[in-house]
There are 2 protein chains.
Amino acid sequence: MSFASRMTAATAQDEAYRAILQDIRCGRHQPGERLIPETIARELAMSRMPVREALQRLANEGLVVIRPNRGCVVAGLTVEEIFELFEIRSVLEGLAVRLAMPRFDAAALAELDDHLARMRRAGEAGGADWLGRHQAFHAYICSLSGRPKLIAQIAALHIAVEPYMRVWLHHVSQPAHATERQDEVVEAIRTGDAEHAETVMREHVMRTAPRLAAFLRGRGEAAGMQAPLPADARL
Amino acid sequence: MSFASRMTAATAQDEAYRAILQDIRCGRHQPGERLIPETIARELAMSRMPVREALQRLANEGLVVIRPNRGCVVAGLTVEEIFELFEIRSVLEGLAVRLAMPRFDAAALAELDDHLARMRRAGEAGGADWLGRHQAFHAYICSLSGRPKLIAQIAALHIAVEPYMRVWLHHVSQPAHATERQDEVVEAIRTGDAEHAETVMREHVMRTAPRLAAFLRGRGEAAGMQAPLPADARL
DNA sequence: TCTTGTAATAGTGGATACAGTGATACAGGC
DNA sequence: GCCTGTATCACTGTATCCACTATTACAAGA
């Protein structure tokens with residue numbers, strides 16, 4: 001493994017975890033694809049063992065599925081499961097913003113505006129990095145809640161749907177960032193009403209779900225699919 | 001390992017996971033206690049490897065903490081962290097009951113009453129199994145939401161605070177089950193108003209947090225502690 | 001031709017062996 | 001006596017090896 005990655009990763013296992021996670025997040029490993037420890041280990045120049053443990057970890061986070069004696073595949077989410085993740089995320093981010101309210105001083109609000117501006121710029125520039133900016137915007141709000149476990153859970157949910165968001169944003173003609181209306185969230189925060197901000201955040205998160213779901217359902221029947229999907233297909 | 005446990009656990013790793021989890025849940029492994037793979041492996045008559053992977057899994061769930069090259073200890077939660085878990089659980093269980101509302105028919109309501117009755121009986125019988133009944137009551141409501149990932153997350157949160165609940169219920173003179181007021185939740189469900197049920201469930205969950213926190217804070221200073229705690233003590 | 005049995009192969013889970021790291025205890029210097 | 005350097009030891013992380021499982025391909029029979 002490289003020296004540079006050794007700097008950031010304390011152990012080989014951590015190195016493997018980050019590498020595989022990265023490949024799943026950016027869509028390099030497609031859902032349903034089989035992950036063979038031996039192969040990955042060779043690519044990363046380490047033995048199977050740390051790779052196995054990294055896969056284990058990813059399995060706990062729901063990004064891959066391990067069936068005993070039958071290997072490991074990248075977890076494909078059904079449309080229903082994606083919906084469920086959005087439902088969970090909506091209440092968790094609602095909670096986060098409610099708890100964060102007391103910490104929104106002038107400086108924090110200014111930074112929030114910065115995030116909005118960066119998102120807008122990324123959107124106008126073609127949207128390549130829009131998703132990252134969007135996640136950063138949400139992450140910033142969550143971070144102000146001062147609740148580590150809450151922040152971690154929300155981040156995990158963002159990662160789980162990221163591959164699907166990515167293909168959606170890539171294929172959709174009218175970019176999602178035009179219709180997302182994050183400014184409503186910021187407005188709600190500005191009112192200082194915690195209950196209201198929570199409600200708005202919930203609705204904001206849930207607004208994306210049906211549109212993403214519609215896209216994925218349409219894609220499921222699209223001619224462009226590489227192979228016909230079985231009845232219980234996981235997109 | 002025993003044949004009986006081999007029946008339920010597909011792999012040695014799973015066997016180890018269940019065994020360690022059980023020991024943590026019932027308080028046999030105290031927070032802060034060091035878990036040495038070698039030792040546990042000997043007890044379970046297997047090698048270090050599956051134990052390691054089981055500990056890894058428990059670390060992801062937040063029940064143990066693994067520091068690279070420095071071993072594994074049972075995760076002690078601070079009072080703040082316990083509070084945080086209750087906050088998260090309150091919104092997740094609120095979501096669960098809201099989503100479950102359409103499925104509460106006469107049969108489901110009857111079963112809910114059964115759960116209440118069983119809890120009451122367990123409480124009167126000394127409260128030994130009250131915690132289990134209480135978790136079953138919540139799990140039943142969650143199960144009707146039909147959201148697997150949501151159910152799993154809530155269950156994990158119940159497990160994380162279980163050891164603390166256990167010592168609290170064991171030490172407290174006036175049993176908690178007398179003041180818990182689960183019937184309010186059932187009443188709210190009976191109204192059929194999903195929003196209202198969500199609110200009531202949230203408040204119900206959050207009602208426990210400050211009392212448990214107060215108990216644990218008091219216990220931190222109690223003479224009965226085995227050893228004086230450092231400043232950043234994790235109870 | 002289709003089905004079914006069987007052999008070969010790839011891959012998984014687990015055990016053992018080895019190297020590297022952190023902790024500890026002891027000895028020597030200040 | 002206290003601090004510091006060092007050597008030892010316990011334990012962690014990784015690699016390699018072995019046994020077992022599942023899958024696949026092929027062949028023989030219906």
Problem set entry | Test side-chain hydrogen bond (donor to acceptor under 3.5 Å, both in side chains) applied to B:H158 and B:R89, B:R25, B:Q153, B:H134, the passing residue | B:R89

Exercise. B:L77 versus B:P31: any side-chain heavy-atom pair under 4.5 Å?
Worked result: no

Starting at [atom1] of [X] and ending at [atom2] of [N], how long is that distance when rounded to a whole Å?
{"X": "B:I36", "N": "D:dA10", "atom1": "CD1", "atom2": "P", "answer": "12 Å"}
{"X": "A:E38", "N": "C:dT12", "atom1": "CD", "atom2": "C1'", "answer": "11 Å"}
{"X": "B:I66", "N": "D:dT12", "atom1": "CD1", "atom2": "C1'", "answer": "11 Å"}
{"X": "A:E15", "N": "D:dG13", "atom1": "CD", "atom2": "P", "answer": "16 Å"}
{"X": "A:L55", "N": "C:dG11", "atom1": "CG", "atom2": "P", "answer": "14 Å"}

For this session: Can you pull out how bent the helix from C:dT1-D:dA30 to C:dC30-D:dG1 is, comparing the axes over its first five and last five pairs, to 10°?
Result: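 The value is 10°.
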
Exercise. Below 6.0 angstrom between ring centroids: does that apply to A:H204 and A:H138?
Worked result: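 Yes, close enough.
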
Problem set entry | Nucleotide nearest A:R52 when distance is taken to its side chain, options D:dT14, D:dG13, C:dG14 | C:dG14

For this session: Heavy atoms only: give me the nearest A:A16-A:M46 pair and the separation to one decimal.
Result: CB-SD, 4.1 Å

Exercise. Thinking salt bridges, do B:R147 and A:E87 make one under a 4.0 Å N-O criterion?
Worked result: yes

Between protein and nucleotides 17-23 of chain D, what N or O pairs are separated by less than 3.5 Å?
| unit_1 | atom_1 | unit_2 | atom_2 | d |
| --- | --- | --- | --- | --- |
| D:dT23 | OP1 | A:R70 | NE | 3.0 |
| D:dT23 | OP1 | A:R70 | NH2 | 2.7 |

Problem set entry | Step-by-step salt bridge (charged side-chain N to carboxylate O under 4.0 Å, His left out) determination, B:R57 to B:E53 | CA-CA 6 Å; B:R57 228 169 117 188; B:E53 284 168 352; over 6 Å; no

Problem set entry | Parallel, tilted or perpendicular, as decided by the 30° and 60° cut-offs, for the rings of A:F104 and A:Y140 | perpendicular

For this session: Could you check A:Y17 against A:E61 for side chain to side chain donor-acceptor pair (under 3.5 Å), going step by step and ending with a plain yes or no?
Result: CA-CA 12 Å; A:Y17 172 79; A:E61 289 162 22; 2.7 Å; yes

Exercise. Just checking B:Q13: base, sugar-phosphate only, or nothing, at a heavy-atom cut-off of under 4.0 Å?
Worked result: sugar-phosphate

